[in-house]
Amino acid sequence: MGAQRRAVAHQSPGDDGEQGLIESPSSDSAGDGDVQYQGASTSRFVYVLAFFSALGGFLFGYDTGVVSGAMLVLKKEMHLNALWQELVVSSTVGAAALSSLSGGYLNGLLGRRICILVASLLFSTGGLILSFAPDKVVLLVGRIIVGLGIGIASMTVPVYIAEVSLPHLRGQLVTINALFITGGQFIASVVDGAFSYLSHDSWRYMLGMSIIPAVVQFIGFLFLPESPRWLLQKGRSQEARQVLSRIRGHQGVDEEYDTIRTSIEEEEKEAGGGGLIILRILKHAPTRRALIVGCGLQMFQQLSGINTVMYYSATILQMAGVRDDKQAIWLAAATSATNFVFTLAGVWLVETVGRRKLILGSLLGTGLSLTLLAVGFLLSALSSPPVTLHPVSSQNSTCRLYGSCEHCMLDPDCGFCFRENSTGVYDSSCVPVSQAATDHAAWGRCSNQTEAVDTPIWAYNYCPTSYSWMVMLGLILYLAFFAPGMGPMPWTVNSEIYPLWARSTGNACSAGVNWIFNVLVSLTFLHAAEFLTYYGAFFMYTGLVVLALVFVQGCLPETQGLQLEDIENLFTGQLCSCGASSPGGNRHVHYIRVKGSNYLPSDNDASDVE
Ligand SMILES: O[C@H]1[C@H](O)[C@@H](O)[C@H](O)[C@@H](O)[C@H]1O
């Protein structure tokens, strides 16, 4: 604690006990205990830092988002079979999982700034390789390099932003990084749409565009400073003080500097130096609890099914009657726009509502929307059109076994071929899908890709239904609730719950958990749908969201407004007792600067307060 700060505890009216310790750092001119360290000019530089760092989030979003549109072209131009398609998509996420885990070590050793520079170098090199790739092997190498960049950026950027921010802005600035992630996904879908009109090599532009923000970030970070907290931890105290003063607009930083230095010394004593950091985290109860909470949040973010919803938005849109490929691409862009726009609400709400309530509200809404999605799929399945034609040539395929579209479309080898008029579906059959591309049947009426008026409709992976509005509504509500809370908050909370010595390793582990569950959920979705049906799969995600609610309600303390150095105290109690009470009870603690040194909480003499 800074030498000149004293805790004043008071019970806030209407406090529901969900808030933990709320600390408002004092300023030289503090009079009410809520005034911050310095003025607006300081914040401007912090915003510049946050912008250049958050380009890492943008690249994370862009490179994970762009591949779905690029793949539509790539598989035709590079003749990629299913295995190669899967390799090109998941190699990036797999590489991100590995590099985020090793990013903890790199962060501790080299610092946040060098790690961000390395990430932007990887993004630029990967982008360059991808746009000039002569064959699929080079393409794969490019995707792996980009994935290595994503992993390092995903764990370093939130840590860096949290460390240079003031407590009252921290949540908002780290959440801006998450806004850049969804922004990157949105821009990627627009770029996919725009270049889809090019007849040749459009994928080179789609994948290569990421070079621009990567180079901007690299150049920017050549001039931007290292995190003062990391510098202090490495004993480079003079440099740390200079950087802190530069970030805070050359105003008094003694108090903040002392707070950081004292807490580093205390932390080192408490956690006992030496040894592998992950082992020290696990042996030290408060950091162990923080790690469980951080990893749990990241795991539940992915188990809520965000990436299956993002990935399957095209299928859902097809169910809603969108049959044209180009139209589907643009509507998928509208889906990622919804994700982006509602993340803005998160940036706005994080410092007013707080992390905990935002996550709880988000999970509640997400769960209800998933239920709506599941019910929509259930009603569609119950009213699924029957198979009326049984072509002779389908005798030796499993597709002939299915009596309705629902069963037919759940088999990845089959598709539904039908005609429709104003009264409904007729002349329907279940036939094998073409091995070369899923947009037509292997043979028969739907094998012809011409769009003549009387050509029957080919439905792969979806069924015509009159409940598509319910599924669409569920999809939009899902994104509207997920985006402000469960999307950004796991990144925000992880950037602030670990003490400095454990911060990079803690974030590396939790980001690794995020990427591992990302691969797991997206790779298992089709199988889950095959075994449980679509509605079963979405009911399963609803169940997982309920588990997440219980976990967050019980285990996540509020971190809003607290100095990073004080957050560790929130984890000194029993794990999963946060909902019941926070350490310090139901108090809001305001730190105020006092004249003299013997200020007692009971002492209400206003003249004592500067
Ligand atoms: O926070 C982000 C965001 O919500 C993205 O939309 C999602 O694709 C990522 O997996 C997640 O980590």
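Counting convention: from 1, in listed order, for ligands and their atoms alike.
Rounding to the nearest 0.5 Å places CD1 of I211 at 13.0 Å from OG of S120. For the atom pair OG (S369) and CG (L364), the distance works out to 9.5 Å, reported to the nearest 0.5 Å. If you take CZ on F221 and CD1 on I114, they are separated by 11.0 Å, rounding to the nearest 0.5 Å. Note that CZ of F539 is 6.5 Å distant from OG1 of T371, once rounded to the nearest 0.5 Å.
When all heavy atoms of L297 and M486 are compared, the closest pair comes out as O-CE, 3.9 Å.
Counting only heavy atoms of the protein, atom 1 (O) of ligand 1 lies nearest to G487 O, 2.9 Å.
Close contacts between ligand 1 and W491 involve ligand atoms 1 (O), 2 (C), 12 (O) [criterion: under 4.0 Å to a heavy atom]. Residue F482 approaches ligand 1 through these ligand atoms, each under 4.0 Å from one of its heavy atoms: 4 (O). In the vicinity of N339, heavy-atom distances shorter than 4.0 Å reach the ligand 1 atoms 6 (O). For ligand 1 and N307, the ligand atoms under 4.0 Å from any heavy atom of the residue are 7 (C), 8 (O), 10 (O). Contact atoms of ligand 1 toward N514: 12 (O) (distance under 4.0 Å to a heavy atom of the residue).
A ring-centre distance under 6.0 Å is found for F377 and Y534.
Looking at P488 next to ligand 1, no N or O pair under 3.5 Å apart turns up.
For atom 6 (O) of ligand 1, the choice among Q185, M489, Q301, Q298 with the nearest heavy atom turns out to be Q185.
Below 30°, between 30° and 60°, or above 60°: for W515 and F60 the angle between ring planes is between 30° and 60°, a tilted geometry.
Contact between M486 and ligand 1 is absent, with no heavy atom of the residue lying under 4.0 Å from the ligand.
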